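So the structure is just underneath, and the comments pick up after that.
Keep in mind it's a predicted model, so treat the numbers as computed, not measured.
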Amino acid sequence: MAPWRMAVMLAICIATSALTSAPVFAADESPMPKLDIGKGGKCVDDPKFMRKNHMDVLKHQRDETMRQGIRGGKYSLAACVDCHASKKNNSVLGSNENFCQGCHEYVEVKIDCFECHSSKRKVVAEVSK
Amino acid sequence: MQSTSFSRLESRYFYAFAAACAMVAGIGYLASHYMEEHGHIVTGMNNTIVWGMPHVFAIFMIVAASGVLNVASIGSVFGKAVYKARAPLSGLLCIGLLAGGLMVLMLDLGRPDRFIVAATHYNPTSVFAWNVLLYSGMFSLVAIYLWTLLEKRFNSWSKPAGLMVFAWRFILTTGTGLIFAFLVARQAYGSALLPPMFIVLSFAWGLAVFLLAQAAIYAWNRETLDPAILKRMRNLLGVFIIGALYLVAAYHLTNLYFAKQTGFERFILVDGGTYPWLFWAGYVVFGSLLPLLLIYHPSLGKTRSVVAASLLVIIGSLALLYVFIIGGQAYPLAIFPGFEASSSFGDGQIAAYKPSLPEFLLGIGGIGVALLITTVGVRVFNMLPHDAALPQGVHGETH
Amino acid sequence: MSDTNLDRRQFLGRASVALAGLAIAPGMLLYEFSQARPLGEAASGKVRWGMLIDTNQCESGCNDCVTACNEENGLSGGTAPTDAQWIRKVELKDTGSGRITSLPVMCQHCASPPCVDVCPTGASFKRADGIVLVDKHICIGCRYCMMACPYKARSFVHETLTDQLTDVPRGKGTVESCTLCVHRVDKGQETTACAEACARGGHHAILFGNLNDPDSEISKRVRAVATTQIRADLGLNTGVRYQGI
């Protein structure tokens, strides 16, 4: 293959990869979604950390709870919902303003939690978790 | 292989048939999508009949996939030239059937989206998990075997590869039988006879599938199969049918001998409505005796009779599997021996099952996949059995 | 004066210690007797949760345990063949004598559970304290466990569910069964919804407790009266025992 052809190929490769990754760069600059954070308050961890790692800490704790019965840990899905369910519909889902759905729509990641787990705040006043 | 001496499938036929197969497979996929979307509520399956129509088709294909390799084994392992010429087609059919069967099993899962979990989380005590290994191993072994057959330079490797495949498929069908054999609490299953029974059933079903595929390929190429070869293969099918009948009879007789299982046998063989009908008329008469007549009657046994016999064997096999899988679950579990039980959850009652269209289409879709893979493979790899070089010895060899 | 003062001080001192002791003791005693484990601690094999069902106390036609289970776990209560039933009332008629017995059947929480053996992904598992559960995060919905269970204890979720309870996640395409009210057990409660309802109805046919603790009520009863395991011939060593069948 002639060198110039290789150069063309290379250019095409770089161009396509740049184009496909463009939305990622754009996302950094576009405004963050307006989220209804529900009760809000102080999160169990640094919000920046949570934004990036919530799935991992939730998964880690879920396995301990599920397999060993360790409850009351710091990173509980029920606690997420309890704080962040919207005061309007009592849920973290429902619209693009709701806490979980809003952000997951924004980053285009499917949530698999709420097919089984409740997305609603336990309305009944409960003893501390 | 001397590809120039093959006459290729006619293009028209090929494209039309491949498109038809792809459509059947596509409909099957859509059906499974519908099932996934709505849940198993749109099937006839329920909390008592937990495995239904898709499993009948899937298990048929998986068992036949192993049996169809007989032809290759007789060729490569036992060195029979007539069968060796057919080994590539036999291997291809195996891959097609296995793919079709596994697709059906996978798409019937409650969470087909999590199929990959079956590979990432592995429970070593589960027969199902063993089978995941056995199936994937089968794919790669048969692929290697085909490679040694089709690539001239590796022809000398075809015997050891064939031997591996031969051993693997026995283990594979044993594994399929064990899925049921390990279910100790159920009257219909939990029998050590099941793995050998499935192996012998696989011989008959696989050969029937092979004979059909072979007849179709010859017909499309307007060629005729050497009557001597036809006779040998059809007689082999006859022997397999008799062997299968024997093991099915042994399975039911042992069950009848255990006093606590006579109720179940009565249900399956006498008063269970659909199930005895399917067993006696579907499997015994149409699936076994009639094919035997077509094979052995002196004035029959020509190509058309053999095709009819093979078709009947396949229909009979589906009837038998329906009785085995669904009938086996329909009869209530003996949770409280010595008592008549009743409850809101079907205790002590015969469970009803009415297969729905989507689950049926899913099963048929698997057959579409198997046919598609075979059709495309036969054309791409030129797998028409070629006997021109070996007219001698055919009549003399026995087995 | 000083004497009396001293006496008074001594008295006060002693009294306050005693009072403190009185205040703390019940807690400590409770902790001692009810192996309740702190929230952050893992379930241990020193405990084996089980139930004893006295069929003589179980009333035919009474469905209190079933209703309570449905409510506790958010089940619909429907009885179609595709509906989940974690506990059911079974009526037995002795084919010889004609004697009628009524009893609830649920997951028997076997020590050697066939469902755990056959599960391809390990989603079916047994916790250290003997509770058999399904990890719905890795259940692929193959239903092999339902084929293997000798007690027909498991249900498959056939439809999309909504409004699940926070404590009891469940969803379409996965298999489920009695959890022995694991969410209660983990919070230190020592009764299940069914046992509680049965007692509330005045029957006291279901006794929940720790089979490994020789001093627990259930252990004492199992020692004192003849109990049976269903399908004991299979040798699964069930955690649920029956009396009177």
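- Contact count versus chain B (heavy atoms, under 4.5 Å) is highest, among C:A148, C:C139, C:G122, for C:C139.
- No side-chain donor-acceptor contact under 3.5 Å links C:R88 to the backbone of B:S343.
- Counting only distance, with no hydrogens or angles, the side chain of B:N47 and the backbone of C:F156 share a donor-acceptor pair below 3.5 Å.
- Residue contact with chain B, scored on non-hydrogen atoms closer than 4.5 Å, involves the side chain of C:L103 exclusively.
- Neither the backbone nor the side chain of B:D113 comes within contact range of chain C, judged by heavy atoms closer than 4.5 Å.
- When heavy atoms are compared at a cutoff of 4.5 Å, C:P114 does not approach chain B at all.
- With a 4.5 Å cut-off on side-chain heavy atoms, B:L183 and C:Y144 count as touching.
- In this structure, B:R111 contributes its side chain and C:I138 its backbone to no donor-acceptor pair below 3.5 Å.
- With a 4.5 angstrom heavy-atom cutoff, B:I335 touches chain C via backbone and side-chain atoms both.
- Heavy atoms closer than 4.5 Å to chain C are found in both the backbone and the side chain of B:I179.
- Proximity to chain B is absent for every atom of C:A80, based on heavy atoms less than 4.5 angstrom apart.
- Ranked by heavy-atom pairs under 4.5 Å with chain B, the first of C:V175, C:T95, C:V90, C:I140 is C:I140.
- Proximity to chain C involves both the backbone and the side chain of B:M45, based on heavy atoms less than 4.5 angstrom apart.
- Most heavy-atom pairs under 4.5 Å with chain B, from the set C:T79, C:T101, C:D233, C:T82: that is C:T82.
- There is a side-chain donor-acceptor pair under 3.5 Å between C:K152 and B:T48.
- Put simply, of C:M147, C:E91, C:K89, C:K93, the one with the most heavy-atom pairs under 4.5 Å next to chain B is C:M147.
- The part of B:E37 that comes within reach of chain C is its backbone (N, CA, C, O), which places non-hydrogen atoms under 4.5 angstrom from that chain.
- Per-residue heavy-atom pair counts under 4.5 Å with chain B were compared for C:I230, C:I245, C:L234, and the maximum is reached by C:I230.
- Both the backbone and the side chain of C:L92 come within contact range of chain B, each with at least one heavy atom under 4.5 Å from a heavy atom of that chain.
- For C:V116, the part lying under 4.5 angstrom from a heavy atom of chain B is the backbone only.
- When B:V117, B:N131, B:V42, B:L105 are compared by the number of non-hydrogen pairs under 4.5 Å with chain C, B:V117 comes out ahead.
- Side-chain atoms of C:K172 come within 3.5 Å of backbone N or O of B:E36 as a donor-acceptor pair.
- Neither the backbone nor the side chain of B:I325 has a heavy atom closer than 4.5 Å to any heavy atom of chain C.
- By the 4.5 Å heavy-atom criterion applied to side chains, C:M146 and B:W51 are not counted as neighbours.
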